[in-house]
Each structure stands twice: as C-alpha cells, then as structure tokens.
Chemist: 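Here it is, the structure in full.
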Amino acid sequence: MTSAFQSLCYHYIRQESNDPFPRIFGTKINNFIDHVKMIQKKYNIISLDEIDSIYENKNQLTNEKNGLFFTFDDGLADQFEAAKILYENGISGVFFIPTCTLIDKLPANPIILHYAIAIHGLDKFLTELKTYFEKHNVSEKSFFTQQTSKTKKFQTIDKIKDILYYKINHTLSRKILLDVYENLILSEKISNSDMHFSINQVKKLLDMDHKIGTHSHSHISIGSSKLSKPEFQIEMIKPKELLEKTFQTEVISMSYPFGERKDCYDSGKLLAETKSYKFAFTIEHKLNTINTSPLEIGRYMVHSSDDGSKLNKILEMKDRI
C-alpha cells in the first residue's frame with residue numbers, strides 16, 4: 001500500500017547532441033527516458049490528484065510500492081519534450097511556472113543568468129555585469145577585482161548568484177538582470193519564447209493531462225526577500241489568479257523558487273500569509289508521508305550527472321530512511 005512518496009524536481013531537459021547552448025547543464029533527453037523506464041519498474045508513479053487524495057482521505061493508495069511524483073520548475077521551453085514523453089507513458093506531472101514568462105513575456109531571473117553565461121562565457125559576462133552594477137550603483141567592487149580562473153569558475157558563478165539573489169534588493173536585482181537580458185540575450189536574437197513555455201504550449205500541457213502550478217512571478221527567494229504585503233501579493237498570490245484566468249484551470253500548488261530552507265516559509269507562516277494553496281514544494285529531499293505538511297513537500301532536485309542507475313540509488317537510499 002502506498003503511504004509514502006518521493007518527488008523529483010527537473011529543470012533543463014537538453015538534447016543529446018547539437019545543443020546550441022552546451023554550457024547550460026541539464027538532464028539529457030536520453031537520461032530522462034532512462035529515468036522514466038527505471039521509475040516505472042521500481043515505483044508507483046502518482047499524480048497531483050492522487051497526492052490530494054492521500055491528504056484528503058488520510059488513506060493509502062492500493063499499491064505496495066512507494067509513490068513517485070514528477071515536477072518541473074521554471075516553465076522552460078525544453079521541458080515540453082519531457083511532457084510529451086510522460087504523456088506517451090500515461091504519466092501526469094506538474095509544471096511550476098513563473099508568470100513573468102507568460103504575462104510580461106520576460107524570462108525569469110535565473111534563466112537570464114544561465115543563458116547570458118552560456119552565450120558569452122563567464123569572462124565577457126563579468127565584464128558586462130560590472131557595467132550594470134555601476135549603472136545601478138551596486139557596490140561590489142571587490143568581487144570584480146578578484147581573478148577568475150577555470151578552476152574557480154563555479155565558485156565565481158555561485159558568488160554572482162549570492163549577490164543577485166540574496167545580497168541586493170530583489171527589485172534592483174530584477175532591473176540589473178533585465179539589462180543583461182536586453183543587452184546580452186535579446187541582442188543575440190534569442191528571446192523569452194526561446195527559453196520559456198508559450199501560452200499555447202501550456203494549453204497543450206493541460207490537454208496532455210499535466211497540471212500547472214505557480215513558481216512566484218519573477219522567481220525570487222520568497223523566504224529571503226523580506227517582501228511587503230503588496231510585494232507578496234504580486235509574487236505569490238497574483239500568479240495563481242493569472243494562471244487560473246488565462247488557462248481556465250484550477251491551480252492548487254506552488255513550488256518555492258530556489259527551494260532551499262532559506263528560500264521557503266514553514267507551513268504556519270505560509271498559512272498566515274495566504275490560504276491560496278493546498279500544496280507547496282521545496283527541494284529538501286525527503287520521503288513524504290501523510291505526516292508531512294502538504295505545504296512542505298520535499299523533492300529531489302535531479303542533477304545533470306544523474307543517469308538512471310545513479311538516480312535509482314539516490315531514491316533507494318531515501319526509501320530506506
């Protein structure tokens with residue numbers, strides 16, 4: 001009897017070859033197919049409706065295997081291939097979408113960063129970023145005086161993320177990243193529609209019996225941004241209303257952008273701010289049960305290096321806890 005389940009969180013789903021942006025890390029499409037095959041053998045694949053049933057009825061699903069639930073963050077265009085693969089296998093997932101990508105026709109914050117570095121390389125990106133910091137009077141001079149090298153590339157990128165996502169105000173960070181988008185991405189004839197789902201694609205997702213959920217409006221750290229009530233309304237509540245109105249579907253779930261503990265509210269704080277959602281998802285990997293708060297459901301964030309065998313071992317370890 002299914003009384004527990006794990007959730008997977010995917011981001012980029014990349015082509016096996018001829019990827020125009022090889023610097024973007026993501027799950028290769030063949031690895032994703034292997035994941036699906038392995039999970040079909042080992043787990044009882046469940047849908048959001050079945051998770052709802054578990055919590056509503058406090059009962060177990062009639063299957064001896066633990067459950068496994070597919071989710072996707074950021075509303076990325078390349079996830080459409082994964083959606084089709086799931087549909088062909090009779091699997092329903094949920095796709096969490098930052099509404100800026102559909103309503104404002106502007107990419108979410110981290111996607112701007114990923115594509116800008118993927119297109120231009122880290123050194124050129126840093127040179128350009130320094131000019132935008134100066135334009136907006138952001139004082140991080142010591143960061144730009146540090147020498148970067150290939151061995152410190154990922155540490156440098158992590159530092160950029162820390163500054164843009166946590167150290168400076170989210171409104172200012174958005175202005176800087178939109179400068180990056182206009183000057184380093186749009187100038188290369190790459191637009192929001194190349195990076196994120198279109199409205200038509202989301203409609204097709206729903207036709208394939210997938211669900212959609214919110215992922216804030218512009219993809220900011222909800223837990224770290226010290227949002228005012230109007231800002232919370234824009235980032236957390238308005239997206240649900242926009243998705244429901246645009247697609248004429250009920251939206252009952254959300255996933256926290258970035259999803260680490262510092263980025264999230266606990267269930268009590270979220271309920272104090274809004275009762276708009278039945279389910280909220282983090283990226284804390286855990287085995288979820290009916291004793292897990294539905295507003296603190298954990299997920300494993302799948303890494304680009306996870307082939308079917310490695311993912312199987314990771315999931316099995318968590319099943320034994």
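Predicted model, so just to flag it, every value in this text is computed and none were measured.
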Chemist: Could you give me the CA-CA distance, side-chain angles and deciding distance for Thr171 and Glu231, then say whether side-chain contact (heavy atoms from CB on, under 4.5 Å) is met?
Modeler: CA-CA 10 Å; Thr171 302; Glu231 288 172 330; 4.1 Å; yes

Chemist: Does either side chain, that of Asp179 or that of His136, offer a donor lying less than 3.5 Å from an acceptor on the other one?
Modeler: yes

Chemist: Should the ring pair His285 and Tyr300 be called parallel, tilted or perpendicular, given that the plane angle runs from 0 to 90° and is split at 30 and 60?
Modeler: tilted

Chemist: If you compare all heavy atoms of Asp19 against all heavy atoms of Arg14, which two are closest, and at what distance to 0.1 Å?
Modeler: OD1-NH2, 2.8 Å

Chemist: Any chance the rings of Tyr165 and Phe258 have centres within less than 6.0 Å?
Modeler: yes

Chemist: Between Glu244 and Lys240, does any NZ, NE, NH1 or NH2 come within less than 4.0 Å of an OD or OE carboxylate oxygen?
Modeler: yes

Chemist: Evaluate Glu134 against Thr131 for side chain to side chain donor-acceptor pair (under 3.5 Å), listing each step before the verdict.
Modeler: CA-CA 5 Å; Glu134 290 171 349; Thr131 67; over 6 Å; no

Chemist: Pairing donors with acceptors under 3.5 angstrom, does anything connect the side chains of Tyr181 and Asn192?
Modeler: no

Chemist: Quick check: does any side chain N or O of Glu235 sit under 3.5 Å from a backbone N or O of His217, one acting as donor and the other as acceptor?
Modeler: yes

Chemist: Treat each ILVMFWY residue as a node, draw an edge where side-chain heavy atoms are under 4.5 Å apart, and state whether Met236 and Leu295 are in one component.
Modeler: yes

Chemist: Could you walk me through whether Ile39 and Asn312 pass the side-chain contact (heavy atoms from CB on, under 4.5 Å) test, one step at a time?
Modeler: CA-CA 8 Å; Ile39 289 164; Asn312 181 37; over 6 Å; no

Chemist: Could you report the tightest heavy-atom contact between Lys269 and Asp266, atom names first, then the distance?
Modeler: N-OD1, 2.8 Å

Chemist: Of all heavy-atom pairs between Ser47 and Phe69, which one has the smallest distance, and what is that distance?
Modeler: C-CE1, 3.7 Å

Chemist: Parallel under 30°, tilted from 30 to 60°, perpendicular over 60°: which one fits the rings of His215 and Phe96?
Modeler: tilted

Chemist: Out of curiosity, does Ile111 fall in the hydrophobic cluster containing Ile163 (side-chain heavy atoms, cut-off under 4.5 Å, transitive links)?
Modeler: yes

Chemist: Below 4.5 Å, heavy atoms only, C-beta onward: do Asp307 and Asp34 meet side chain to side chain?
Modeler: no

Chemist: Under 6.0 Å from the ring centre and within 45 degrees of the ring axis: does the NZ or CZ of Lys175 meet both conditions for the six-membered ring of Tyr132?
Modeler: no

Chemist: Is there a donor-acceptor pair under 3.5 Å between the side chain of Asp74 and the backbone N or O of Leu76?
Modeler: no

Chemist: Side chains of residues 201-210: which donor-acceptor pairs under 3.5 Å do they make with residues two or more places apart or in other chains?
Modeler:
unit_1: Gln201; atom_1: OE1; unit_2: Ser198; atom_2: N; d: 3.0
unit_1: His210; atom_1: ND1; unit_2: Gly93; atom_2: N; d: 3.0
unit_1: His210; atom_1: NE2; unit_2: Ala83; atom_2: O; d: 2.9

Chemist: Quick check: do His219 and Ile112 have side-chain heavy atoms less than 4.5 Å from each other?
Modeler: no

Chemist: What do you reckon, is CZ of Arg23 surrounded by more than 12 foreign heavy atoms closer than 6.0 Å?
Modeler: yes

Chemist: Is the number of heavy atoms from other residues, nucleotides or ligands under 6.0 Å of Lys42 NZ greater than 12?
Modeler: no

Chemist: Minimum heavy-atom separation for Ser293 and Ser267, please, with both atom names.
Modeler: OG-CB, 3.2 Å

Chemist: Identify the two heavy atoms, one from Ile45 and one from Glu50, that lie closest to each other, and give their separation to 0.1 Å.
Modeler: O-OE1, 4.0 Å

Chemist: For His11 and Val302, indicate whether the former's side chain and the latter's backbone hold a donor-acceptor pair under 3.5 Å.
Modeler: no

Chemist: When rounded to the nearest 0.5 angstrom, what is the spacing between CG in Leu242 and CD1 in Ile234?
Modeler: 10.5 Å

Chemist: Please determine if Lys313 and Glu316 form a salt bridge, counting it only when a charged side-chain N lies under 4.0 Å from a carboxylate O.
Modeler: no

Chemist: So, does Thr99 use its side chain to make a donor-acceptor pair with the main chain of Pro239 at under 3.5 Å?
Modeler: no

Chemist: Would you check if the distance from the ring center of Phe72 to the ring center of Phe95 is below 6.0 Å?
Modeler: yes

Chemist: Judged by modelled atom types alone, do Gln6 and Asn66 share a side-chain donor-acceptor pair under 3.5 Å?
Modeler: no

Chemist: Is Cys9 close to Phe281 at the side-chain level, that is, under 4.5 Å between some pair of heavy atoms?
Modeler: no

Chemist: Atom CG of Leu113 and atom CD1 of Ile117: how far apart are they, to the nearest 0.5 Å?
Modeler: 4.0 Å

Chemist: If two hydrophobic side chains count as joined below 4.5 Å and joins carry through other members, does Phe232 share a cluster with Tyr277?
Modeler: yes

Chemist: Apply salt bridge (Lys or Arg N to Asp or Glu O under 4.0 Å) to residues Glu56 and Lys278 and explain how you reach the verdict.
Modeler: CA-CA 10 Å; Glu56 283 288 326; Lys278 280 189 175 183; 3.5 Å; yes

Chemist: Indicate if Tyr166 and Ile176 have the same hydrophobic cluster label, given that clusters are the connected sets of ILVMFWY residues with side-chain heavy-atom separations under 4.5 angstrom.
Modeler: yes

Chemist: At what distance, to the nearest 0.5 angstrom, does CD1 of Ile283 lie from SG of Cys264?
Modeler: 8.0 Å

Chemist: Is there a side-chain contact between His196 and Pro107 in this structure, where contact means two heavy atoms from C-beta onward sitting under 4.5 Å apart?
Modeler: yes

Chemist: Are side-chain heavy atoms of Val251 and Lys211 found at a separation under 4.5 Å?
Modeler: no

Chemist: May I ask you to decide if Ile222's main-chain N or O and Ser225's side chain share a donor-acceptor pair within less than 3.5 Å?
Modeler: no

Chemist: Could you grab the distance from atom CG of Asp306 to atom CE of Met301, nearest 0.5 Å is fine?
Modeler: 10.0 Å

Chemist: Compute the centroid of each ring, for Phe5 and then for Tyr43, and state whether the two points are separated by less than 6.0 Å.
Modeler: no

Chemist: Do Arg299 and Thr71 have a side chain donor and acceptor closer than 3.5 Å?
Modeler: yes

Chemist: Is there side-chain contact between Ile46 and Ile51, with at least one heavy-atom pair below 4.5 Å?
Modeler: yes

Chemist: Looking at Ser224 and Ser221, would you say the former's side chain and the latter's main chain have a donor-acceptor pair under 3.5 Å?
Modeler: no

Chemist: Treating Lys161 as the side-chain partner and Pro110 as the backbone partner, does any N or O pair qualify as donor plus acceptor under 3.5 Å?
Modeler: no

Chemist: Sub-3.5 Å donor-acceptor pair from the side chain of His35 to the main-chain atoms of Leu311, do we have one?
Modeler: no

Chemist: May I ask you to check whether Tyr12 and His114 place their ring centers less than 6.0 Å from one another?
Modeler: yes

Chemist: Hydrogens and angles aside, do Ser305 and Lys310 bring a side-chain donor and acceptor to less than 3.5 Å of each other?
Modeler: yes

Chemist: Under the 3.5 angstrom rule, does the side chain of Asp104 hit a backbone N or O of Leu106 as a donor-acceptor pair?
Modeler: no

Chemist: Can a donor-acceptor pair be found between the side chains of Gln40 and Asn89 at a distance below 3.5 Å?
Modeler: yes

Chemist: Please name the pair of heavy atoms, one in Lys189 and one in Asp194, separated by the smallest distance, quoted to 0.1 Å.
Modeler: O-OD2, 4.0 Å

Chemist: Taking the side chain as C-beta and beyond, is there a heavy-atom pair between Pro257 and Ile220 under 4.5 Å?
Modeler: no

Chemist: With a 4.5 Å cut-off on side-chain heavy atoms, are Lys105 and Ile199 touching?
Modeler: yes

Chemist: Are Asn31 and Thr27 close enough that a side-chain donor and a side-chain acceptor fall under 3.5 Å?
Modeler: no

Chemist: Any link between Ile85 and Ile212 through a network of hydrophobic side chains (Ile, Leu, Val, Met, Phe, Trp, Tyr) touching at under 4.5 Å?
Modeler: yes

Chemist: Can you name the one residue among Asp319, Asn44, Leu8 that meets side chain to side chain contact (heavy atoms under 4.5 Å, CB included) with Leu68?
Modeler: Leu8

Chemist: Please check this pair: side chain of Thr127 against backbone of Asp123, looking for a donor-acceptor N/O pair closer than 3.5 Å.
Modeler: yes

